[in-house]
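As the structure is a computational prediction, the values presented were derived from the model and not from experiment. Quick note: numbers below take in every heavy atom, side chains included, and nothing from hydrogens, waters or symmetry partners.
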Amino acid sequence: MSDTASLVSAVEILGSLEESYRAILTPDAIAFLVLLHRTFNTTRKTLLARRIARQAAIDAGILPTFLPETKFIRDDPTWQGAPPAPGLVDRRVEITGPTDRKMVINALNSEVWTYMADFEDATAPTWENLLSGQVNLYDAVRRQVDFTVPGGKAYKLRTDRVLPTLIVRPRGWHLEEKHFLVDGEPISGSIFDFGLYFFHNAHELVKRGFGPYFYLPKMESHLEARLWNDIFKLSQDMIAMPRGTIRGTVLIETILASFEMEEIIYELREHSSGLNCGRWDYIFSFIKKFRHNPAFVLPDRSAVTMTSPFMEAYVKLLIKTCHKRGVHAMGGMAAQIPIKTDVAANKAAMENVYKDKLREVTAGHDGTWVAHPALASIASEVFNKHMPTPNQLFKRTEEVVVTAADLLNSNVPGSVTEDGIRKNLDIGLGYMEAWVRGIGCVPINYLMEDAATAEVSRSQLWQWVRHQVTTAEGIKVSKEYALRILEEETSKLEKSAPKGNKFRQAAQHFSTQITGEDYADFLTILLYDDITKVNSKSAKL
């Protein structure tokens, strides 16, 4: 590695440096981040600019299709992704959640096969959340994460079974880390999250029989997967680790990525551990990319399900693609939370989870996601019954044909209702209010909501106002109507919430996003400055 002192001198840290953070932000780790930033940030920016150009083309009426220039990749039957890595052969139930210490312990104690520790949609990226999350994962890898809360309750890792395999999701390419400047500019949030976790834990994970494994979010093209693969290769070279040790599972959660699934696996070949159906972000992306086109207006969120034409097509293509290339095809999230106060409602909710997981396993998925430990037993029961093998990579669906028209089929039965509008506002406000308080994973109406579901909510509202949709009650969804309902919902939430809540602050942001005019690329970018406490001077290392 280049001279550490000179690399560190290029960095300004504009967040606090608690003693535990210093164990993560060591000179060698900082130097590692600087080299990754200097090597790859220009490419990242170029790819983000490419997203803007692609959106302009869609707005001009050029719909996405399978790329003719990469047809040779899709037509070549000989290449495969990497074999499953240690700890990733059987992934039938995965739990996801933020990286706070209690969640890390609870997730690792769950009856699941893997745990995705999330720096992305389930984490509000305050400096404290990010650095304490890195500390928690460092300790979890070494099985030293136990702690006792004030008042005496102890949280300890169980010792009666093998713990789930740890997978980390860094932030997407679009997010930056303003508390950490390299050569005067913010480092990529992706590189920051990945780099610190990898640098400190890669060798320790291998020593323990696993490896540095990642979920890769929000990609829109195979070129963005290529960037990740280049980072993986260089990172392994820099710490004298054999290439191919890292594994990355790509979340197919954008409509554009669905047209490049084979190419994405191809780019990551030696590091690929499959694809995942990121269902809520996928719906968000579908609305977002085609928001100017009236042919793509969708009904109430509750009507858009995994059996909707464009969703069903993408699932079928993902499973076919993954198994053709020898990698896992992971199913989507069950976001339900047990309803302890209503037995009948809880029974109905859990039956829906069962049906959802049954649909996934019989379709050919190799595993699925749950948001709450209580759902793990349901998902396990379904997958154990219908998938007695560690995975279903042998299950080919070559007879399945999915066309570009299938992926773009927006013919979803249903209507827009005032109840649907109010629910979207309630979810959006509830999530945004928690986010600006530094909380990224929020229980709302017995569902665990994260940034993806809030994005669906505001994008639908924007779309309905933009195209002057008429509700089932006969009301035209105008700008004035949306803002009036927003004010009503905000007032109700303010009154029922504890003093000091931030619903008014959330509503001020939300009001700019539901009038069919301004549209932020991501809510997390829109809100980021509200949770960013940037010091005027760099902390002393």
May I ask you to decide if [Y]'s main-chain N or O and [X]'s side chain share a donor-acceptor pair within less than 3.5 Å?
{"X": "His365", "Y": "Ala329", "answer": "yes"}
{"X": "Arg247", "Y": "His271", "answer": "no"}
{"X": "His203", "Y": "Ile239", "answer": "yes"}
{"X": "Asn409", "Y": "Ala405", "answer": "no"}
{"X": "His200", "Y": "Ile24", "answer": "yes"}
{"X": "Glu455", "Y": "Leu523", "answer": "yes"}

Do [X] and [Y] have side-chain N/O donor and acceptor atoms under 3.5 Å apart?
{"X": "Glu267", "Y": "Asn229", "answer": "no"}
{"X": "Thr417", "Y": "Asp300", "answer": "yes"}
{"X": "Glu220", "Y": "Thr254", "answer": "no"}
{"X": "Tyr215", "Y": "Thr96", "answer": "no"}
{"X": "Thr453", "Y": "Glu449", "answer": "yes"}
{"X": "Lys320", "Y": "Thr397", "answer": "no"}
{"X": "Thr70", "Y": "Glu263", "answer": "yes"}
{"X": "Glu360", "Y": "His386", "answer": "no"}

What pairs meet the side-chain hydrogen bond (donor to acceptor under 3.5 Å, both in side chains) rule with one or both residues in residues 306-318, with sequence neighbours excluded?
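Those involving residues 306-318 are Thr305-Thr307.
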
Kindly indicate whether a cation-pi arrangement holds for [X] with [Y], taking the cut-offs as under 6.0 Å to the six-membered ring centre and within 45° of the axis.
{"X": "Arg91", "Y": "Trp369", "result": "no"}
{"X": "Arg44", "Y": "Trp173", "result": "no"}
{"X": "Arg279", "Y": "Tyr282", "result": "no"}

What pairs of residues pass the salt bridge (Lys or Arg N to Asp or Glu O under 4.0 Å) test when at least one of them lies in residues 96-107, not counting sequence neighbours?
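Sorted pair list: Arg101-Asp139.
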
Any salt bridge (Lys or Arg N to Asp or Glu O under 4.0 Å) pairs touching residues 362-389, not counting sequence neighbours?
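Salt bridge (Lys or Arg N to Asp or Glu O under 4.0 Å) check on residues 362-389 returns no pairs.
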
Tell me whether Asp230 is salt-bridged to Arg226, with the criterion being a basic N under 4.0 Å from an acidic carboxylate O.
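No, this pair does not count.
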
Side chain to side chain donor-acceptor pair (under 3.5 Å) between Arg92 and Asn391: does it pass, once the steps are laid out?
CA-CA 7 Å; Arg92 66 188 60 222; Asn391 52 62; over 6 Å; no

Trace of the side-chain contact (heavy atoms from CB on, under 4.5 Å) decision for Thr165 with Trp113:
CA-CA 6 Å; Thr165 302; Trp113 279 254; over 6 Å; no

Give the C-alpha distance, both sets of side-chain angles, the deciding distance and a yes or no for salt bridge (charged side-chain N to carboxylate O under 4.0 Å, His left out) between Lys233 and Asp237.
CA-CA 6 Å; Lys233 288 189 288 188; Asp237 292 349; over 6 Å; no

Determine, step by step, whether Ser459 and Lys288 satisfy the side chain to side chain donor-acceptor pair (under 3.5 Å) criterion, reporting the C-alpha distance in whole Å, the side-chain angles of both residues, the deciding distance to 0.1 Å, and the verdict.
CA-CA 6 Å; Ser459 297; Lys288 173 184 179 178; over 6 Å; no

If you define the side chain from C-beta out and look only at heavy atoms, does anything of Glu262 sit under 4.5 Å from His222?
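SC-SC contact between Glu262 and His222 ruled out.
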
State, yes or no, whether a side-chain contact exists between Pro212 and Thr245 at a heavy-atom distance under 4.5 Å.
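The answer is yes; the side chains approach within 4.5 Å.
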
Any idea how Phe522 and Phe284 line up, ring-wise: parallel (<30°), tilted (30 to 60°), or perpendicular (>60°)?
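Phe522 vs Phe284 ring planes: perpendicular.
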
Aromatic ring pairing Phe198/Phe194, orientation class (parallel under 30°, perpendicular over 60°, tilted between):
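Answer is parallel, since the angle falls under 30°.
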
In sequence, state the C-alpha distance, the side-chain angles, and the governing distance for Ile531 and Arg437, and then conclude on side-chain contact (heavy atoms from CB on, under 4.5 Å).
CA-CA 7 Å; Ile531 62 169; Arg437 288 189 289 109; over 6 Å; no

Applying the side chain to side chain donor-acceptor pair (under 3.5 Å) test to Asp121, which of Lys218, Arg171, Arg169 qualifies?
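For Asp121, the side chain to side chain donor-acceptor pair (under 3.5 Å) test succeeds with only one of Lys218, Arg171, Arg169, which is Lys218.
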
If you draw a 6.0 Å radius around CG in Asn384, do more than 12 non-hydrogen atoms from other residues or ligands fall strictly inside?
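Result for CG/Asn384: enclosed.
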
How far apart are the C-alpha atoms of Phe310 and Leu408, what are their side-chain angles, what is the distance that settles it, and do they pass the side-chain contact (heavy atoms from CB on, under 4.5 Å) test?
CA-CA 6 Å; Phe310 73 97; Leu408 299 174; over 6 Å; no

